[in-house]
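For reference, the structure discussed in these notes is given below.
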There are 2 protein chains.
Amino acid sequence: MAGIKQTIEMLRSKNIRPSMARIRILDYLLGTTDHPTVEMIHRKLLPEIPTLSKTTVYKTMELLVEADLARLLHMDESEAHFDGNVGDHGHFKCKRCGQVFDFEVDLDALKTRGLEGFSIDEKNLFFSGFCPRCCSS
Amino acid sequence: MAGIKQTIEMLRSKNIRPSMARIRILDYLLGTTDHPTVEMIHRKLLPEIPTLSKTTVYKTMELLVEADLARLLHMDESEAHFDGNVGDHGHFKCKRCGQVFDFEVDLDALKTRGLEGFSIDEKNLFFSGFCPRCCSS
DNA sequence: TTCTCTGCAAACGCTTTGCACGGAT
DNA sequence: ATCCGTGCAAAGCGTTTGCAGAGAA
């Protein structure tokens, strides 16, 4: 948790008005490494904000992604995941339990051929397989 | 194009019966670098096979992916793309024209930290941005 | 016949949109 | 009074499924 005041400041710095829903959603996202889906965010915050709708979560996430306060991950055919860590790193999704894990990787050191003349905005590295817990059971 | 006979042999070697639809779909996939979607495959083959349904394309692609004759790419929120090249390489999607390009990359040389104990099945490297043609217009 | 392949239509799941209410400025 | 955030319900879109007819063995 970054602290509510800092969360509000982050929103303000991107010219996003800090409404209750936005603050709580961003605060939750910054304080977890769960890579939550819209469904997970909604389920998590509903006890605190009983009127919160999924529509609001969708719209808020769109705002946060556009403002580069969150990363949108489409790892497979199922729902989108969100990551409050916008720095360069890779993602691993377990095929059995569905959990998403971060891992460190030096994307700048990656040598590629065939991208001469391309302007690269975004780099995504997605691995999948089985996580340690699911490997051993 | 690999040639119809080789296409049939590829299917047979994976114990997939070489029906007309399957042969044509795989043959098209092997002969293009377009990374077609289901819609694109259907549109392309409909003139040759006027009765072809999208359901058949979906089911055939599922078979081919399971048999490792094709790769399934979920690059973003829109439709899935397919790649007949199942070797290791990266994919770049242009944000403007939507085209998907292959590029070479040495995924084995990639150093990662935080994946100790994980069993890795699949590695996907997705870049996005603007392709040379869209850069200059 | 028996088994598989195919195609239509409906169902499905995630996401987006239209619209109206409500709160803040 | 105006603007913006929110929530409901419906629509949208890619994909999957149920089932029946067609076709191969």
Side-chain angles (χ1 to χ4, degrees), chain A residues 7-8 10-12 14-28 35-67 69-82 93 98 100, chain B residues 7-8 11-12 14-28 35-67 69-83 93 98 100:
Chain A
T7 305
I8 293 174
M10 288 179 75
L11 290 168
R12 284 232 167 83
K14 300 285 185 175
N15 292 310
I16 298 173
R17 298 205 178 150
S19 70
M20 184 57 55
R22 290 165 179 176
I23 297 165
R24 292 290 179 84
I25 290 173
L26 179 56
D27 190 59
Y28 167 52
H35 307 85
T37 62
V38 163
E39 164 70 28
M40 287 162 74
I41 296 168
H42 185 247
R43 193 177 339 119
K44 175 72 180 185
L45 296 179
L46 202 56
E48 310 173 25
I49 316 171
T51 60
L52 184 68
S53 72
K54 278 192 189 172
T55 304
T56 297
V57 179
Y58 274 108
K59 284 178 180 166
T60 301
M61 292 319 301
E62 192 187 352
L63 272 179
L64 297 182
V65 169
E66 272 169 14
L69 293 172
R71 279 274 293 279
L72 169 59
L73 311 175
H74 280 286
M75 307 199 57
D76 56 31
E77 58 284 349
S78 68
E79 322 118 280
H81 293 260
F82 296 92
K93 182 162 183 177
V100 177
Chain B
T7 306
I8 293 174
L11 290 167
R12 284 233 168 85
K14 299 287 185 175
N15 291 313
I16 298 172
R17 297 201 180 162
S19 70
M20 183 58 56
R22 289 166 181 176
I23 297 166
R24 292 290 179 85
I25 290 172
L26 179 54
D27 190 59
Y28 167 51
H35 307 85
T37 62
V38 163
E39 164 69 29
M40 288 162 74
I41 297 168
H42 185 247
R43 193 179 337 121
K44 174 72 180 185
L45 296 179
L46 203 55
E48 310 173 27
I49 315 171
T51 59
L52 184 68
S53 72
K54 278 192 188 171
T55 305
T56 297
V57 179
Y58 274 109
K59 285 179 179 166
T60 301
M61 292 319 301
E62 193 187 351
L63 272 179
L64 297 182
V65 169
E66 272 169 14
L69 293 173
R71 280 273 293 279
L72 169 59
L73 311 175
H74 281 286
M75 306 199 59
D76 56 31
E77 58 284 350
S78 66
E79 322 120 280
H81 292 261
F82 295 91
D83 194 343
K93 182 162 183 177
V100 177

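So you know, we letter chains A, B, ... as the sequences are listed, proteins then strands, and number each from 1. Everything quoted here is computed from the prediction, not taken from an experiment.
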Applying side chain to side chain contact (heavy atoms under 4.5 Å, CB included) to B:D83 and not counting sequence neighbours gives B:H35, B:R71, B:L73, B:N85, B:H89, B:H91, B:D102
In chain order, what residues pass the side chain to side chain contact (heavy atoms under 4.5 Å, CB included) check against B:R17, with sequence neighbours excluded?
B:R22
Set of residues satisfying side-chain hydrogen bond (donor to acceptor under 3.5 Å, both in side chains) with respect to [X], sequence neighbours excluded:
X: B:T55; result: none
X: A:S19; result: none
X: B:T37; result: none

With sequence neighbours excluded, tell me which residues meet ring pair (Phe, Tyr, Trp, His ring centres under 6.0 Å) with B:H81.
none
How close or far is atom [atom2] of [N] from atom [atom1] of [X], stated in whole angstroms?
X: A:E79; N: C:dC12; atom1: CD; atom2: C1'; result: 13 Å
X: A:I41; N: C:dC14; atom1: CD1; atom2: P; result: 14 Å
X: A:L73; N: C:dT15; atom1: CG; atom2: C1'; result: 17 Å
X: B:L11; N: C:dC5; atom1: CG; atom2: P; result: 11 Å

5' to 3' on DNA chain D, which nucleotides open and close the contacts with chain A (atom under 4.0 Å from a heavy atom)?
D:dC4 to D:dA9
Has A:T60 got a side-chain atom pairing as donor or acceptor with A:T56's backbone, closer than 3.5 angstrom?
yes
Would you mind listing every salt bridge (Lys or Arg N to Asp or Glu O under 4.0 Å) that reaches into residues 48-63 of chain A, with sequence neighbours excluded?
A:R24-A:E48, A:E39-A:K54
Hey, could you give me the CG/OG1 distance between B:D27 and B:T7, rounded to the nearest 0.5 Å?
4.0 Å
Which residues, if any, of residues 43-60 of chain B bring a heavy atom under 4.0 Å of DNA chain C?
B:T51, B:L52, B:S53, B:T55, B:T56, B:K59
Identify, residue by residue, the members of residues 17-25 of chain B with a heavy atom below 4.0 Å from DNA chain C, and return them in order of residue number, or none.
B:R17, B:S19, B:A21, B:R22
Test of understanding: with salt bridge (Lys or Arg N to Asp or Glu O under 4.0 Å), list the residues that count as partners of B:K44, not counting sequence neighbours.
none
